Amino acid sequence: MLLNHGDLARGGGWIHRAERLLDSVGIDCVEEGYVVYAAALRRVFQGDPAGAEAGFSNAASFGDRFGNRELAALARVGHGRCLIHTGDIPGGMTLLDEAMATVSPAVVSPGAMGDLYCTVIDGCQEAFDVRRAQEWTEALSRWCDDQPGLVLYRGQCLIHRAELMLLSGLWSQALLEVQRACDRLSRPRSEPVLGAAYYVRAELHRLRGEEPEAEAAYRQARIWGREPQPGLAELRLAQGHVAEAYAALRRGLQEAGADPVARARLLGPYVNVALVSGAIEAARSGADELSTIAGSWDSPYLGAVSAYATGSVLLAEGDPAQALTHLRRARAAWVELELAYEAARTRILIGRACRDLGDSATADLELDAAHSELTRLGAAQDAAPVRSRVRGDGLSSRELEVLQQLATGKTNRAIASRLFVSEKTVATHVSSILRKLGVESRAAATAYAYQHHLL
């Protein structure tokens with residue numbers, strides 16, 4: 001309990017005391033395995049999952065030898081989470097599945113059972129395994145229905161359900177679930193996992209365009225120990241604070257170090273923000289790293305994130321044909337996973353790629369479909385600019401061409417050469433673009449164009 005609440009010093013003190021008492025009697029017993037497990041858990045909380053692997057493996061062997069399925073399951077799940085953290089996703093998921101296949105409420109205490117469910121679901125989310133997370137969340141929900149007194153696990157169950165509803169586009173239902181989670185976890189005393197609930201709430205408000213509510217929820221998530229990135233950076237981007245969003249995600253990647261799980265979670269948003277910032281080379285580097293990580297994991301979700309990022313970069317680099325290949329792959333994966341919001345966002349870029357290839361009819365069809373789906377979901381902030389893009393957003397076709405060139409950082413002279421017009425004509429178009437978009441600089445026009453899917 002002390003370790004789970006972050007009190008590593010006192011928790012470590014009890015571990016050392018237990019080790020000393022066991023050493024003094026020299027008895028080979030299952031309790032020794034529990035102490036080994038606790039010591040490994042402490043190493044995880046100290047940020048050393050690689051060092052904890054041997055401890056969890058040893059603890060599992062104690063559980064097997066003494067027929068203690070609770071200890072064996074806890075230790076294997078811990079070992080599996082360590083493997084996920086260090087990049088061995090298939091090995092980690094195998095251990096999670098094996099551990100859960102051998103337990104039942106009849107042989108495992110309620111507290112341990114709740115820990116197992118929640119830890120396994122967290123592991124699935126770390127590995128971006130949406131299907132597995134959904135299956136175990138449904139199992140946790142059924143178990144919680146039979147355990148009305150376990151407020152903590154019922155609250156975590158609601159958080160996991162809200163997270164999956166968020167992904168599936170059931171945003172109104174997800175808000176109700178996350179509110180119930182906040183209520184449960186706040187009484188009789190607030191729990192650390194409250195930060196996770198507030199983060200989910202913030203994401204829901206952000207997607208629905210409710211910026212003040214999202215801001216407040218991200219702040220609460222931070223107070224309760226949940227890092228509010230990458231969601232807060234995406235909110236800043238939507239508010240037009242491009243430099244702030246870019247700086248936050250660069251800082252997040254620096255802090256993530258070599259942790260592939262943490263980096264994979266940040267790289268998709270990072271690529272998007274880098275493109276809006278005009279840092280195409282940085283975006284390409286991020287997309288390539290994400291592709292490398294996704295290639296080593298068996299995760300359709302992460303593969304779709306990677307394909308979307310690569311397609312976005314290819315569009316910015318002026319290669320719509322190759323971009324279209326990656327974007328269609330991403331959309332197919334989103335549809336298979338039943339993630340409607342991500343599928344709609346991808347259709348916007350597919351429409352842009354088709355337009356760049358000269359197929360304006362297909363482009364308008366894709367944008368119309370994206371607008372319809374985003375409207376159905378309640379993503380008003382995303383939907384309105386898509387409709388504006390279908391209508392031209394007040395820009396002529398030539399102004400859209402100039403804006404596209406402007407967004408790559410070209411000077412008026414370079415744009416004039418590319419479009420075979422005079423430099424004075426380009427200057428006139430640029431002035432008109434700034435006026436119609438309601439911005440004051442070329443950089444602001446570029447940011448607006450990316451944020452509102454005009455490119």
Side-chain angles (χ1 to χ4, degrees), residues 117-118 121-138 140-141 144 154-185 193-222 224 226-235 237-238 261 264-266 268-269 272 299-302 304-305 308 330-331 333-346 370 373-383:
Y117 273 125
C118 289
I121 294 168
D122 287 341
C124 293
Q125 292 175 332
E126 286 174 345
F128 303 94
D129 194 329
V130 175
R131 291 299 189 199
R132 264 196 182 94
Q134 186 172 18
E135 290 177 13
W136 286 118
T137 298
E138 290 171 355
L140 173 60
S141 297
C144 282
R154 291 182 66 81
Q156 287 179 318
C157 171
L158 293 171
I159 293 172
H160 291 313
R161 286 169 58 181
E163 288 169 334
L164 291 171
M165 288 176 176
L166 185 157
L167 283 174
S168 300
L170 304 173
W171 295 347
S172 296
Q173 298 95 313
L175 272 175
L176 292 175
E177 291 293 273
V178 82
Q179 181 59 56
R180 291 171 60 201
C182 289
D183 291 343
R184 287 183 181 276
L185 294 170
V193 293
L194 195 55
Y198 277 113
Y199 183 81
V200 176
R201 171 183 279 181
E203 288 286 88
L204 287 162
H205 286 308
R206 176 179 66 81
L207 291 170
R208 288 157 59 104
E210 299 159 351
E211 293 183 2
E213 293 86 349
E215 185 97 34
Y218 283 127
R219 187 175 297 112
Q220 286 296 318
R222 169 79 78 179
W224 287 104
R226 171 60 161 90
E227 168 63 48
Q229 301 298 352
L232 182 57
E234 294 183 292
L235 176 64
L237 182 63
V261 173
R265 197 167 297 282
L266 294 170
N272 184 44
S299 168
Y301 178 91
L302 191 58
V305 173
Y308 179 90
R331 183 176 178 275
W334 298 134
V335 171
E336 177 67 23
L337 292 169
E338 300 179 4
L339 305 185
Y341 176 71
E342 300 295 348
R345 288 179 65 238
T346 306
E373 186 65 6
L374 290 168
T375 300
R376 182 189 68 80
L377 290 169
Q381 198 166 35
D382 287 289

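These figures come from a predicted structure and were not determined experimentally. Numbers here are sequence positions counted from 1.
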With a 3.5 Å distance limit and no angle check, can you tell me whether Gln229 reaches the backbone of Ala233 through a side-chain donor-acceptor pair? yes
For a 4.5 angstrom cut-off between non-hydrogen side-chain atoms, does [X] reach [Y]?
{"X": "Pro228", "Y": "Glu215", "answer": "no"}
{"X": "Pro300", "Y": "Glu336", "answer": "no"}
{"X": "Glu342", "Y": "Leu167", "answer": "no"}
{"X": "Leu166", "Y": "Leu207", "answer": "yes"}
{"X": "His160", "Y": "Asp122", "answer": "yes"}

Tell me yes or no: between the side chains of Tyr218 and Glu203, is some donor less than 3.5 Å from an acceptor?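 Side-chain D/A pair, Tyr218 to Glu203: present.
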Geometric class of the Tyr301/Phe128 ring pair [parallel <30°, tilted 30-60°, perpendicular >60°]: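 Answer is parallel, since the angle falls under 30°.
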Does atom CD of Gln179 have more than 12 heavy-atom neighbours, drawn from other residues, nucleotides or ligands, at distances under 6.0 Å?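 Count over threshold, so yes.
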Start with the C-alpha gap between Trp334 and Arg345, add the side-chain angles, then the distance that decides, and say whether side-chain contact (heavy atoms from CB on, under 4.5 Å) holds. CA-CA 10 Å; Trp334 298 134; Arg345 288 179 65 238; over 6 Å; no
Are any of the side-chain nitrogens in Glu135 or Arg132 under 4.0 Å away from the carboxylate oxygens of its partner? no
For side-chain contact (heavy atoms from CB on, under 4.5 Å), just list the numbers for Glu211 and Arg206, CA-CA rounded to whole Å, side-chain angles, deciding distance to a tenth of an Å, and then say yes or no. CA-CA 6 Å; Glu211 293 183 2; Arg206 176 179 66 81; over 6 Å; no
